[in-house]
There are 2 protein chains.
Amino acid sequence: MADMTRKKPTSYDVAKLAGVHRSAVSRAFSDGGSISAETKEKVMKAAKTLEYRVNFFARGLQKQNSGLVGIVASRLDTPYRAKQVKLASHELIENGYTPILLTVDKSDDVSGRMSSLLNYNISGMIVTSDTPPAKIIEECIQYNIPVVLINRDPSITGTDRIQLNIEDAGQLAFDMLCKAGATKFGVLMPQTQTYTVQGRAKIFAQKCRDAGFPITIIETQGQSYAAGTDATQDVYEKLDDIDGIFCTTDLMAFGLLDGLRNQYNIAVPGQLKILGFDDVDQASWGAYNLSTINQDIQQSAIAAVDLMMKRLETPLKPLETRSILLTPIHRGTT
Amino acid sequence: MADMTRKKPTSYDVAKLAGVHRSAVSRAFSDGGSISAETKEKVMKAAKTLEYRVNFFARGLQKQNSGLVGIVASRLDTPYRAKQVKLASHELIENGYTPILLTVDKSDDVSGRMSSLLNYNISGMIVTSDTPPAKIIEECIQYNIPVVLINRDPSITGTDRIQLNIEDAGQLAFDMLCKAGATKFGVLMPQTQTYTVQGRAKIFAQKCRDAGFPITIIETQGQSYAAGTDATQDVYEKLDDIDGIFCTTDLMAFGLLDGLRNQYNIAVPGQLKILGFDDVDQASWGAYNLSTINQDIQQSAIAAVDLMMKRLETPLKPLETRSILLTPIHRGTT
DNA sequence: ATGAAAGCGCTAACAC
DNA sequence: GTGTTAGCGCTTTCAT
């Protein structure tokens, strides 16, 4: 393999070729630079032949803005989260930013990883992981780095946020199961993890009580497919008290459905109505055909980036929280 | 909201507080810096109280290495790809790199986006998207930026690669269906997209012919769940000629299974044996219980990062291709 | 082992 | 509108 290595051209190389000064090159590649059309054209032509690219490290050193935005996400291999990150990434790129992906899962050093983002002078941070460390977020705020939290615990303050309204979510779930004819309710409630998942479970339970219906709370380990299958026996044994169950994530609903089908012979929705949450792709798959509640994930990704950009423009504007649009999806399990 | 903004401390601030020269700070934070233990400690202490972090933009300008690595990925909302990106990201971070996520899907300007990575002086690039533009990759190579291609068309040359052996894959699929008792074969073959998907379909067909069995090729639009359901009627109509079908992705297998269950009454595996490929999470879910072929995605992520690092160390070493480990997974559909 | 000084590639304030 | 100049914060020779 012959060494065809070449060095990257600098603005100086371009200037020399175009017969102008380096600063003219800079102006040609900057937005508000006062430069004549013909000079700019000369520069651009030279830049093209040399395949010149502005060195963002040099630019970022000079400006106090890197164009890099951190996306902090856990459980990226989960359908909902994968789509969320995809759309956030897409939206950032469309707006001229470059996303840094920070995957953090249990046993990872979340704090250390998020801290390392600050080495890169990031322009902003979008957090959709479990339990982001408050300390790092505070530090970002001090440095005027906008942080947007998606569906995170409101105990972390000082940031803009995108959040589903757990009140609406719980109410909507109750309404859907009610309309489907349920009168004895159950809910799958994870013991840990996401604030909004537990939140909607609690509100749902409250709505049931408020309306004078019995509600059985079944605690789960996590919010995954396995959590749903693990809860199957529990649900089965309490079937006298439950004819409509709210699974607070689609994944748990899939697990429960499969568990019931596999081990017992329960008619869904005849004997038991099942409602999921999130409306991930699999919910519409024939095997599940799951009634659920859609979170408008695209809207929320767009809103997150928008919030970040607005805060960049106006650092001192009042904190803002935007709600994620919720839509009931009636399919075959209610 | 009071303005609590502070400026980031620089190495100069730390030096002042520690009573040393800036270069001592640099040495304290560099790996091979010759510095006395006590000076280093002084520096570290000062750095800690000021919450100093090395500015990677300044460092990256000086060294010719940014620590940033581009992950170029399409269809991130797909189970296989999501896991792949998650693991690659994790592996990069573990090795001290910072992943930039470049999502590219149809209608996106792939070339422009990948080109923008070069603005950041990236240390390397891991590509797992469809149809990466050869031009950009060539340019990376010229600048000595290691590029690792995962399961991409071999017509793009000059890079290290991670790839499943399509020969093995086709053979394995044939063997599995054979052992399950199939004698009349079918295969779902996407008309576009991934090289390895089409590749294993073609090899599979060839193996069937070589062994003297009839093979029916059914072309699909894409390789998704919908592609599988769309193929259902086609498969149904050809059921006289097929008793074992190789769906070249799990997603297509799910679609086909659901399509068959929903519209027809076909016994699987009695009447028709179905084999998927990838072993995504959903394949083990109760509703599908799909026999498939596992690609060791963790091994491939680790190998990709390893290959990149090796190339960084030894830019001129011969090009290398590593194979992805394949494992037959026997479940309920064969 | 440490301080001094040059310079990575760029932008922006300043002259003209 | 364009050239000049002074840094952005760091690493890295080179002296000492």
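Keep in mind that what you see is a predicted model, and the values were worked out from it rather than measured. When reading the values below, keep in mind they use all heavy atoms of this one structure, side chains included, and skip hydrogens, waters and symmetry mates. Chain letters run A, B, ... following the sequence lines, proteins first and then strands; every chain starts at 1.
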Counting just side-chain N and O atoms, does B:Ser23 come under 4.0 Å of either OP1 or OP2 of C:dA4? no
Quick one: the side chain of A:Arg27 and the base of D:dG3, do they pair up donor-acceptor inside 3.5 Å? yes
Give the rounded distance in Å between these two atoms: OH of B:Tyr143 and C1' of C:dG9. 14 Å
Whole-Å distance, B:Tyr12 OH to D:dC8 P, equals 11 Å
Between C1' on D:dT12 and CZ on B:Arg59, what's the gap in Å once rounded to a whole number? 13 Å
Distance in angstrom units between B:Phe56 CZ and D:dC10 C1', rounded: 12 Å
Between B:Ile162 and B:Ala304, the two heavy atoms sitting closest are CD1-N, 3.7 Å
With a cut-off of less than 4.0 Å, is there a side-chain N or O of B:Gln62 near OP1 or OP2 of C:dG9? no
Examine D:dT11: is either OP1 or OP2 under 4.0 Å from a nitrogen or oxygen in the side chain of B:Ser26? Give yes or no. yes
Whole-Å distance, B:Phe57 CZ to D:dT11 C1', equals 17 Å
Distance test, side-chain N/O of A:Ser36 to OP1/OP2 of D:dG1, below 4.0 Å: no
Can you confirm whether or not the ring centre of A:Phe29 sits under 6.0 Å from the ring centre of A:Tyr52? yes
Side chains of A:Asp105 and B:His90: donor-acceptor distance under 3.5 Å anywhere? no
Base, sugar-phosphate, or nothing for A:Ser34, non-hydrogen atoms under 4.0 angstrom? base
Reading DNA chain C from 5' onward, which residue's closest nucleotide shows up sooner: B:Gln64 or B:Arg22? B:Arg22
OP1 or OP2 of D:dT2 versus the side-chain N and O atoms of A:Thr39: is any pair under 4.0 Å? yes
So what does B:Tyr52 touch, heavy atoms closer than 4.0 Å: a base, only the sugar-phosphate, or nothing? sugar-phosphate
For the pair made of NZ in B:Lys8 and P in D:dC10, what is the distance, rounded to whole Å? 10 Å
Check the distance between D:dG3's C1' and A:Ile35's CD1 and give it to me in whole angstrom. 12 Å
Assign each of A:Leu61 and B:His21 the nucleotide of DNA chain C bearing its closest heavy atom; nearer the 5' end lies the nucleotide of B:His21
May I have the distance from A:Asp31 (atom CG) to C:dT11 (atom P), rounded to whole angstrom? 11 Å
A:Arg161 side chain to A:Arg152 main-chain N or O, any donor-acceptor pair under 3.5 Å? yes
Under 3.5 Å, is there a donor-acceptor pair linking the side chains of B:Ser123 and B:Asn65? yes
Side chain of A:Lys63, heavy atoms from C-beta onward: which of C:dC10, D:dC10, C:dT11 has the nearest atom to it? C:dT11
